[in-house]
Amino acid sequence: MNKALQVLKDRGFIKQCTDLEALDALMEKGPVKFYVGVDPTGSSLHVGHMVPFFAMHHMQEAGHNPIALVGGGTSMIGDPSGKTEMRKMLTIDQINENASSIRGQLGTVIDFDENRESGKAVMLNNYDWLGGLNYLEFLRDIGKHFSVNRMLTFESYKQRLERGLSFIEFNYQLLQSYDFLTLFRDEGCRLQMGGDDQWGNIVAGVELVRRCERDECYGLTFPLVSRADGKKMGKTEKGAVFLSPELFSPYEFFQYWRNVADADVVKFLKMFTFLPLEEIDELAKLEDQEINRAKEILAYEQTKIIHGKEEADKAREAAKAAFSNQGSGVAIDREAIPSVEIPMSELAAGINVMDLYARTELCKTKSDARRLVVQGGATIENKKVSGIDVTIDDSWVNDGELLLRAGKKRYFRVVLTD
RNA sequence: GGGGAGGUUCCCGAGUGGCCAAAGGGGGCAGACUGUAAAUCUGUUGCAAUAGCUUCGAAGGUUCGAAUCCUUCUCUCCCCA
């Protein structure tokens with residue numbers, strides 16, 4: 001099998017392919033142009049979005065040419081796949097803004113070059129060809145190839161049919177297929193990859209190219225990554241695990257990976273890191289407590305890829321300090337723990353524990369803080385807070401800061417300023 | 001356009017005049033147990049705080065008193081066209 005495909009297969013990226021053998025043969029012959037769609041509906045991607053791009057990375061390494069297609073046009077419509085509700089519609093300005101920040105994030109795993117140096121990836125926006133589309137022409141040239149009966153048999157539409165599906169959403173498949181056709185015509189793109197929820201749309205695109213151009217393109221989908229605990233990949237109680245450090249701090253990001261379920265570690269190492277498979281196989285042998293080493297490596301590698309080595313080092317150190325020295329009061333590097341600033345003078349006057357906690361991200365409200373303290377979950381500088389009447393003043397300060405802890409894992413720093 | 005059913009606290013979902021800040025489940029948070037795991041058990045889960053305040057799509061109204069009754073508006077879903 002072709003090297004790139006083999007890598008994808010070995011790392012668990014392949015779920016379905018329209019014609020694996022033929023694709024294999026095509027890739028053997030030389031570099032293949034392929035694309036993956038991204039939705040610019042938010043300003044930041046989250047880890048769940050990254051699967052196709054890690055796959056893209058491996059493809060690019062093997063010499064194939066990636067196109068990241070921003071769905072500027074399609075996101076103005078909303079894809080029903082896997083959604084129970086219609087998506088919000090965005091303005092062009094918002095989309096463009098999102099697209100540029102997403103591009104930066106993809107840059108962590110993909111090598112872009114808008115000048116199209118050989119093999120470098122490009123980012124295109126389907127608004128460029130969808131925006132000025134003529135409705136009548138589109139219906140005549142493209143619409144005629146689609147059968148409503150057939151579309152209704154697609155799982156993604158079936159589900160939505162029960163709850164209601166607006167006409168514009170129903171058109172999503174046509175537009176995505178048209179994307180493929182356009183990329184084939186203009187760029188010579190022959191392969192579309194995406195999450196398995198996109199299977200229907202991808203197949204439709206392959207068929208459209210076949211009908212219009214009598215040529216064969218291919219589709220490849222990745223498994224929808226799930227977690228062993230049944231939760232959605234990349235989601236926490238507080239929201240998605242965003243790649244943007246403003247929305248999700250590198251420390252928390254590190255912690256997210258550090259805390260994955262045992263059963264997921266190997267799978268994630270394969271998909272979300274670039275470690276050689278032999279090394280991963282070694283880590284896979286770890287059991288029980290030992291498996292924590294594999295989790296640390298996963299967290300470190302992943303953080304390094306997304307946030308850079310420096311942040312990864314900091315997060316790892318901070319985690320070590322926070323967890324391994326619990327109780328001893330020794331903290332090595334607190335830098336990576338999120339913080340808030342409070343004037344020293346204010347603290348010197350004394351602040352009630354509940355008020356202090358309520359000012360951090362640890363507690364949303366004072367009631368929240370009260371609960372925490374009452375239940376014995378509040379710890380400051382490794383001293384357990386005994387009750388809600390405790391007043392925190394400068395005698396608690398250690399090295400110009402206060403390290404607040406809620407429960408066992410959540411930390412927050414209060415940095416004292418003059 | 002006609003007819004019908006609905007909008008309850010993070011989610012699902014009870015609740016038809018006072019005993020409702022609102023059952024139950026999920027989720028979250030905290031505690032115990034642990035490996036910063038899973039599973040399990042316990043507590044907790046509007047704001048504030050010993051009073052009190054603001055919630056049950058929105059705005060009015062009836063009443064000593066409404067999530068529960070009336071009016072208007074609004075949104076969603078279903079059936080017919």
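Letters go in sequence order (proteins before strands), and every chain restarts at 1.
Taking atom P on both nucleotides, C80(B) is separated from C73(B) by 27 Å, rounded to a whole Å. Taking atom P on both G18(B) and A66(B), the two are 11 Å apart, rounded to the nearest angstrom. When the P atom is compared between U8(B) and A23(B), the two are found 16 Å apart, to the nearest whole Å. On the P atoms, G3(B) is 30 Å away from C12(B), given to the nearest whole Å.
With rounding to whole Å, Lys408(A) atom NZ is found 7 Å from A32(B) atom C1'. Per the geometry, CG belonging to Asn352(A) stands 13 Å off C1' belonging to A48(B), to the nearest Å.
Between G43(B), A37(B), G31(B), one nucleotide has an atom nearer to the side chain of Asp262(A) than all others, and that is A37(B).
Aromatic rings of His307(A) and Phe253(A) (six-membered ring for Trp) have centroids within the 6.0 Å cut-off, being under it.
Contacts between residues 292-308 of chain A and RNA chain B, defined by a heavy-atom separation under 4.0 Å, are made by Asn292(A), Lys295(A).
In this structure, a donor-acceptor pair under 3.5 Å is present between the side chains of Asp10(A) and Gln6(A). Side chains of Gln198(A) and Gln176(A): a donor on one and an acceptor on the other come within 3.5 Å.
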Only pairs under 3.5 Å count here: list side-chain donor-acceptor contacts from residues 133-140 of chain A, not counting sequence neighbours, and write none if there are none.
| from | atom 1 | to | atom 2 | distance (Å) |
| --- | --- | --- | --- | --- |
| Asn134(A) | OD1 | Leu136(A) | N | 2.9 |
| Asn134(A) | OD1 | Glu137(A) | N | 3.0 |

Do any side-chain atoms of residues 121-132 of chain A form donor-acceptor pairs under 3.5 angstrom with protein atoms, and if so which ones, sequence neighbours left out?
| from | atom 1 | to | atom 2 | distance (Å) |
| --- | --- | --- | --- | --- |
| Asn125(A) | OD1 | Gly72(A) | N | 3.1 |
| Asn125(A) | OD1 | Tyr127(A) | N | 2.8 |
| Asn126(A) | OD1 | Gly72(A) | N | 3.1 |
| Asn126(A) | OD1 | Gly73(A) | N | 2.6 |
| Asn126(A) | ND2 | Thr74(A) | OG1 | 2.8 |
| Asn126(A) | ND2 | Asp179(A) | OD2 | 2.9 |
| Trp129(A) | NE1 | Asp179(A) | OD1 | 2.8 |

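Counting atom types as modelled, Arg370(A) pairs a side-chain N or O with a base atom of A49(B) as donor and acceptor under 3.5 Å.
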Please report the C-alpha distance between Val266(A) and Leu283(A) in whole Å, then the side-chain angles of each, then the deciding distance to 0.1 Å, and finally whether the side-chain contact (heavy atoms from CB on, under 4.5 Å) criterion is met. CA-CA 8 Å; Val266(A) 173; Leu283(A) 293 171; over 6 Å; no

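Under 4.0 angstrom from either OP1 or OP2 of G46(B) there lies no side-chain N or O belonging to Lys366(A).
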